[in-house]
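Working notes, structure below.
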Protein chains: 2
Amino acid sequence: MSDGPHVTLEDVARSAEVSLATASRALNGTTRVRDDLRERVLAAAARLAYTPNAHAQALAGASRRTVGVVCHDISDPYFAGIIRGVMRVADRNGLVVMLAATFADPDKELACVSALRAQRASAIVLTGSAFEDRSWERAMAAELEPYRRGGGRVAVVTRHRSLRADTVAPDNRGGARAMAEAMHRLGHRRFAVVTGPGDLTTVADRVTGFREGLAGAGVELSERDFFAGSSDRDGGYAAANALIEAKHRATCVLTTSDVMALGAITALREAGRTVPDDVSVTGFDDIPLVRDLAPPLTTVALPLERLGEEAMQLALDGTTSARGRTRRLSAEVLLRDSTVKPRRRRRR
Amino acid sequence: MSDGPHVTLEDVARSAEVSLATASRALNGTTRVRDDLRERVLAAAARLAYTPNAHAQALAGASRRTVGVVCHDISDPYFAGIIRGVMRVADRNGLVVMLAATFADPDKELACVSALRAQRASAIVLTGSAFEDRSWERAMAAELEPYRRGGGRVAVVTRHRSLRADTVAPDNRGGARAMAEAMHRLGHRRFAVVTGPGDLTTVADRVTGFREGLAGAGVELSERDFFAGSSDRDGGYAAANALIEAKHRATCVLTTSDVMALGAITALREAGRTVPDDVSVTGFDDIPLVRDLAPPLTTVALPLERLGEEAMQLALDGTTSARGRTRRLSAEVLLRDSTVKPRRRRRR
DNA sequence: CTGTTAGCGCTTTCAA
DNA sequence: TTGAAAGCGCTAACAG
């Protein structure tokens, strides 16, 4: 956008032979304008292919029409679902959304918020979970505080301890607990957990839930039952391979996300182990495609789009007084065919 | 962003006891500033948690740091992949991306471009294919032309006839043709096509490719071999159900996208037909997860992220002179296990 | 109802 | 080097 003569409101006004103010009013419909004048302005604007300069509008004090969303990875169906919800609500309110992807890099997360702040986005939705790191939390709070003082709204999806922001909290821990219990009830006694990076609150909460559910049923998980990887398909694949390598005897593999489950299942299959006959596998999130798998994946369903919708909504009707509201959404265990009652171990 | 006293550069300047100009220069590093003064400015900025107002910067003529991307649906892995590529390049160049989703609504597509134009995005990447509609094309051209005159860059992914924009063109037609030929070579003679909306150029090109490939092998497709649906999983599911309903005797179902194939396979499975034993199914795009399906999906692979990267790159180093460059990317047939040589028809 | 005018916050000549 | 001042394009008082 270096060169080029932009058509400005002044051009329109001149062409329509009215004042700048009238042109502005005619275009925005803020105040009544004599019909013929308005017609002239509209015609001139169309003729000149005029588009208002959003920066000038923002600077001049018009209300901000931009909201920001920051996610880890847009290719992750979990985030895609949430963002879809955010966009739906934003769209309904005539807002434009700026999307930033951080690839789960804490520093980038901070940088994105700063950029959104610079854009004077009227609201920021943080969809990635927090990093369990004191100094990061402090830095994020330091970034958000002045933003909020300037009238900016902030909403987060999932737990951000000490962030004083409106929160949409899916019941990760409860969902995980319920899943663990369900698997125990099915008859499983030997478990392995394929997990994402432990410094993400979402992952930590889910793992805690698994632990609690199993412990309640009398099964203790040891460190050797955990196999961590990145929060994506390849992370699941790698973790499952580590599990196979370690000759872990689990009859049920709990994973902290559907995407990881996907990779894990492929790894198991490649190692000659059939799901669910040889080993049951559970996912988390209920991303759209897992019901199309063969076998369909047993998982903890989260209302992804709703998470996004609620977060955006919360940010939008935020009143300065009511900070730190939390909207809890429950998680539901969906038993499908990737899990079965464990059979007696086959001879090999 | 209604209320709230924003910290401005003037506050920083005052606090650092320098002039506005000096503060600006110190922060941007445009010109040399005496070291101690710069220190003071930086310190003041940090102390006040100053963030420059991007709108003011943009208005004052600083270079734009925003690019726009418009897609149909962020939850579609096809678009997610492309956008990921776009974001990678944008990020590498220190640009912020504004993402708009249109849900394949032609009007919204237009509206999004207009909004991006208002934001004075330095470049716009159109990832959805064009609509095969003269008046829409005209309207889009009318929106883009003044934008371009104002120095804006435009790049599109897939064919946009008559748009004079830099284009990244995956070989949809050639890929489809190759797939059709491959399936014929495998032994299939009776085909059905599960397709998205025919008014999308991408879909049209793929269908044309299927037709050509088959015709070249002596198989003509009739209208009764086509089953259309929306470009998503549910569209594929519905189309496949229509196919089943019609008792179509295809031994091979060609689809115009992996996502649709996903739904189609589930529909077939629910109808008691096994893939690939009873019927072979092919996809298109090679979205990340299809290799994790059981059976893995035979598909036409497109380098999704690269499409996005190239488009963004093209838009970025666009010189006003070299308009309408086209970068072709080839498509590759990936034979996996969802397709096999057709067996003699089983008795029922 | 319409026009005049004062900024919004920042960058950038132009002088000093 | 630094500072003063002129806008960038638009909206919103404030007068007419």
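Order of the sequence lines fixes the chain letters, A, B, ..., with proteins taken first and strands second; residue numbering starts at 1 for each chain.
- With hydrogens and angles disregarded, no donor-acceptor distance shorter than 3.5 Å links the side chain of A:R327 to the backbone of A:V168.
- Here the C1' atom of nucleotide D:dC10 and the NE2 atom of A:H6 are 14 Å apart, to the nearest Å.
- Rounded to an integer number of Å, the gap from OH of A:Y50 to P of D:dG9 is 10 Å.
- Atom pair A:E10:CD and D:dC10:P shows a separation of 9 Å (rounding to whole Å applied).
- If you measure from atom NE2 of B:H55 to atom P of D:dT11, you get 13 Å, rounded to the nearest angstrom.
- No donor-acceptor pair closer than 3.5 Å links the side chain of A:R117 to the backbone N or O of B:T51.
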Run A:F103 and A:H72 through ring pair (Phe, Tyr, Trp, His ring centres under 6.0 Å) and show every step you take. CA-CA 4 Å; A:F103 297 96; A:H72 287 179; 9.3 Å; no
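- For the helix from C:dC1-D:dG16 to C:dA16-D:dT1, the axis fitted to the five pairs at one end and the axis fitted to the five pairs at the other end meet at an angle of 40° (nearest 10 degrees).
- Contacts between residues 28-45 of chain B and DNA chain D, defined by a heavy-atom separation below 4.0 Å, involve B:R32, B:V33, B:R34, B:L37, listed by number.
- Against DNA chain D, the stretch residues 14-24 of chain A makes heavy-atom approaches under 4.0 Å through A:L20, A:A21, A:S24.
- Distance check, rounded to the nearest 0.5 Å: CG of A:L314 to CG of A:D166 gives 4.0 Å.
- Closest to the A:R25 side chain, of the nucleotides D:dG9, D:dA13, D:dG7, is D:dA13.
- Listed nucleotides: C:dC10, D:dC10, C:dC8. Nearest to the side chain of A:L59: C:dC8.
- In this structure, A:N53 places its CG atom 16 Å from P of C:dG9, rounding to the nearest Å.
- The distance between atom CD of A:Q119 and atom P of C:dG9, rounded to the nearest whole Å, is 16 Å.
- Per the geometry, CG belonging to A:L9 stands 12 Å off P belonging to D:dA12, to the nearest Å.
- One interatomic measurement links the two molecules: CD of B:Q57 to C1' of D:dG7, which rounds to 16 Å at whole-angstrom precision.
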